[in-house]
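First comes the structure, then the notes that go with it.
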Amino acid sequence: MKSVRNVIILGSGCAGNTAAIYAGRAGLNPLVIIGHEPGGQLSITTDVENFPGFPDGIQGPDLVANMQKQAERFGAEYVYGTVDAADLSKRPFRISIDGEWQETRTLIIASGASARWLGLPNEQQLIGKGVSSCATCDGAFYKEKKIMVIGGGDSAMEEATFLTRFGSEVSLVHRRDEFRASKIMLDRAKANPKIKWLVNTAVDDIFDVTKGEVTGVKLRNLKTGHVWDQEVDGFFLAIGHIPNTKPFVGQIDLDPDGYILSKGGARTNVTGVFHAGDVQDRIYRQAITAAGAGCMAAIEVERFLEHQGH
Ligand code: NAP
């Protein structure tokens, strides 16, 4: 077992990196576990136009790489690996990183929520080239283009409605003809004449990997079996997110979907364990809000350790 760390930060997205900058500057030598999606959601985005301070925008991967560089300048240490087990029953906490146990006085969980994908063969290759899981991030790239949104929940309604500001048309594809979305969100979307509804419909394929961009999809009516191709420029998944909290099930309070339940500020129900970013936030989910949450978590860690005499 290595020496006890002051703080371990799980996740290397905006939340984790910002926590690392603050904890590093506070002299806490944070250890950042990079996780299974290095750089988090931004690493699978292209242009980021809404992060303050970059009037001409910045590439998502560059933004997170800059953050990491900034944190390393202040002594943050980054290790590749994922957390496969944890013992939060007493302090110091014990965290297993790919089977290797490490002790820490405090923990910041900034492990994010991974977008759920359809699992189609071409989908992953076209992420950032027409396939997106974030309308707020990427909608503006599809002005006067053909947009498709997949899903039947609040996110799908919200994103389809939002995307009508940009697209020449927005098709909403849902696998059933009943919607999980709340009535108010569904009614708002239904009242929008720019949204075309394709219910009982599944997406079988996305084209065109050889061109390196989305040009269309193959759709299938699940009731009739009818299969057809449709031209699409922007393909937006809104089929939910999966918070990365598996190692903490039964150890910290989570909501029924697995998101961390906040006890206010960046606190979880376990003293010394803090949250930051999408692992707790299912509403805003933005780079800037995650960065702000990472800052809050690091400040709480600093005060907690000071109070404990470290
Ligand atoms: P969600 O409510 O879980 O809905 C996911 C949707 O995706 C469902 O319609 C589901 O279809 C569909 N889906 C899931 N897997 C699929 C697959 N493999 N293929 C095709 N379709 C699939 O997720 P969400 O819309 O992201 O919402 C999550 C939570 O955030 C909810 O509590 C929601 O109320 C909340 N939220 C609130 C707001 C707001 O109030 N402004 C905005 C966004 C989200 P089925 O229905 O057939 O299962």
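Whatever order the structure lists them in is the order used to number ligands and atoms, beginning at 1.
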Quick one about T82 and D98 (side-chain donor to acceptor, distance below 3.5 Å, no hydrogens or angles considered), yes or no? yes
Going by salt bridge (Lys or Arg N to Asp or Glu O under 4.0 Å), name the residues that satisfy it together with R73, two or more places apart in sequence or in a different chain. none
Pairing residues for K145 by the salt bridge (Lys or Arg N to Asp or Glu O under 4.0 Å) criterion, not counting sequence neighbours: none
Give the ring-plane orientation class for F162 versus F166, where under 30° counts as parallel, over 60° as perpendicular and anything between as tilted. perpendicular
Rounded to the nearest 0.5 angstrom, the CD-OG1 distance for Q251 and T245 is 11.5 Å
Please go through V227's hydrophobic cluster and name the other residues, only I, L, V, M, F, W, Y counting, with side-chain heavy atoms under 4.5 Å joining them. none
Close N/O pairs between ligand 1 and protein, under 3.5 Å:
| unit_1 | atom_1 | unit_2 | atom_2 | d |
| --- | --- | --- | --- | --- |
| ligand 1 | 9 (O) | G152 | N | 2.9 |
| ligand 1 | 9 (O) | G153 | N | 3.4 |
| ligand 1 | 11 (O) | R175 | NE | 3.3 |
| ligand 1 | 11 (O) | R175 | NH2 | 3.4 |
| ligand 1 | 25 (O) | D154 | N | 3.3 |
| ligand 1 | 25 (O) | S155 | N | 2.9 |
| ligand 1 | 25 (O) | S155 | OG | 3.2 |
| ligand 1 | 26 (O) | S155 | OG | 2.6 |
| ligand 1 | 34 (O) | D154 | OD2 | 2.6 |
| ligand 1 | 41 (N) | E158 | OE2 | 3.0 |
| ligand 1 | 46 (O) | R176 | NH2 | 2.8 |
| ligand 1 | 46 (O) | R180 | NE | 3.0 |
| ligand 1 | 46 (O) | R180 | NH2 | 3.4 |
| ligand 1 | 47 (O) | R175 | NE | 2.9 |
| ligand 1 | 47 (O) | R176 | NE | 2.7 |
| ligand 1 | 48 (O) | R175 | NH2 | 2.9 |
| ligand 1 | 48 (O) | R180 | NE | 3.4 |
| ligand 1 | 48 (O) | R180 | NH2 | 2.5 |

